[in-house]
2 protein chains.
Amino acid sequence: MLVNEQLSVGQRIPSEIRLAETLGVSRSSLREALRILDVLGIIEAKTGEGTVIRKADPENLKNLMTLVAVSGGIDTVDLYEARCAIEVQAAMLAALRHSDEDVRAMERALKDMDECRSADASAQSDYLFHRAIVRASQNDVLKMMMSFISDLLDEQIRDTRSRLGLEILDRFQKQHWAIFEGIVSRNPEGAGKAVRDHLTYAQEKMGFLWKRRIGR
Amino acid sequence: MLVNEQLSVGQRIPSEIRLAETLGVSRSSLREALRILDVLGIIEAKTGEGTVIRKADPENLKNLMTLVAVSGGIDTVDLYEARCAIEVQAAMLAALRHSDEDVRAMERALKDMDECRSADASAQSDYLFHRAIVRASQNDVLKMMMSFISDLLDEQIRDTRSRLGLEILDRFQKQHWAIFEGIVSRNPEGAGKAVRDHLTYAQEKMGFLWKRRIGR
DNA sequence: TTTGAGTGATTGTCAGACTATCCGATTAAC
DNA sequence: GTTAATCGGATAGTCTGACAATCACTCAAA
């Protein structure tokens, strides 16, 4: 009914009892199905009120994807390469579409990294910078994929990053500014290449420290 | 228990009745939870036998992702740009890692496209070619993401492709061979650029025909 | 007009029963 | 001795009925 556009966002669906009668199944079986739509974020059930169609927010799927990834034994290197794919494209699009607010967010993150040298705060700013790039791309699919990947990679990256020497972190920062420069000057090829160079370099410096697989 | 590695793939989990007792919930409530793990492909329940932990295959998630995408109203252009991200990276990796079997699969798809000119068969070979690239990358995350995207985009691409003139399809085919050349000669930058050129060109020629959003 | 109780509807949860199916052991037939 | 048939136990799949918690709404009283 949702796919056929007989139901739209915000609309309330029939109660469990009536829906079970309509579909010719018991309430138990119906509830098992509704629960699936619930965890997918497609519906939202409220006790005493009813159940409504929700605009699915991919953020809600992160936990599920994490479970699947852990169960499937995803390779860390595979994840990192996928991140590279997403972020290069995002930087290219960001160079074309970024807003003033996006630029401010990126600049703030970079200056934070320039100033504070505590490993933890630095890693946090690093994360914010990369996220700002993806947001600036104004592409919801890229944002979704990036949030999946970040969720799985972040812990490991934060861990390995803290073991790197200062000269490597300085080089990281120079590369960050190069990315920023490419995006602000609206140069897609330059921004894309800068991201690829940065992530390739980072993988060289951190990759050997990674666990091969996440979970299992 | 799965995340903490107390359970591993292939292992059988306690029966629903015993598990419900252990966790202190009713069988109905437990089943709602197990059903979620089931559709995620994390467990597999067989009547009369029991339930085992399964190595989650992302292929099983395609239907779910389609539902979420429809419910969330994903933009077709966003999807296509994400596809570009994935496939460029995949081609670069394919240039480094492809096997003889991969090359054969790609070559077969291209020759099929050279020969048969029926729109439908041509589109099918096109699909197979692009899929072979991603498979050659030997990256499970890219494969997963590509299968999500393909599932959502294919119908629309197949539709718009059938309306294109012969000279455009010929140009497509030349670009395909350029991609193939880059991969076979183990030239990552060349292969990546060839893919990007191809997909950018295809988007120029087909994009204006697309519906803006999928579903809703 | 506002407050309060009451009422019906709805989701969340539980308990119990029955069916279909599978696995393994036991038994019967050859 | 080997094979086939049968039976029982265990398990997932389904259904029914019940109760609790919560919410929205109505309506009467202050």
Quickly work out the [X] [atom1] to [N] [atom2] distance and round it to whole Å.
X       : N      : atom1 : atom2 : result
B/Leu37 : D/dA12 : CG    : C1'   : 15 Å
A/Glu44 : D/dC23 : CD    : P     : 13 Å
B/Ile13 : D/dT11 : CD1   : P     : 11 Å
A/Glu49 : D/dA21 : CD    : P     : 18 Å
B/Arg27 : D/dC15 : CZ    : C1'   : 11 Å
A/Arg31 : D/dT14 : CZ    : P     : 16 Å
A/Ile17 : D/dA18 : CD1   : P     : 12 Å
A/Glu16 : D/dG17 : CD    : P     : 17 Å

5' precedence on DNA chain D between B/Arg12 and A/Ser29 (nearest-nucleotide basis)
B/Arg12
In terms of the nearest nucleotide of DNA chain D, which residue is placed more toward the 5' end: A/Gly24 or B/Arg18?
B/Arg18
Other residues, nucleotides and ligands only: do more than 12 of their heavy atoms fall within 6.0 Å of CZ on B/Arg131?
no
Tell me, yes or no, whether the heavy-atom count around A/Glu155 atom CD, taken from other residues, nucleotides or ligands under 6.0 Å, exceeds 12.
no
Phosphate contact (D/dT22 OP1 or OP2) by A/Thr47 side-chain N/O below 4.0 Å:
no
Look at B/Arg35 and D/dA12 and indicate whether a side-chain polar atom (N or O) is within less than 4.0 Å of OP1 or OP2.
no
To the nearest 0.5 Å, how far apart are CD1 in A/Ile53 and CD1 in A/Ile43?
7.0 Å
Is a side-chain donor-acceptor pair under 3.5 Å present for B/Ser26 with B/Arg31?
no
Do side-chain atoms of [X] reach the backbone of [Y] as a donor and acceptor pair under 3.5 angstrom?
X        : Y        : result
A/Ser137 : A/Val134 : yes
B/Glu16  : B/Leu34  : no
B/Glu107 : B/Arg104 : no

Distance-only donor-acceptor test (3.5 Å): side chain A/Ser28, base D/dT16
yes
Its 5'-most and 3'-most nucleotides having an atom under 4.0 Å from a non-hydrogen atom of chain B, DNA chain C is contacted over C/dT13 to C/dC23
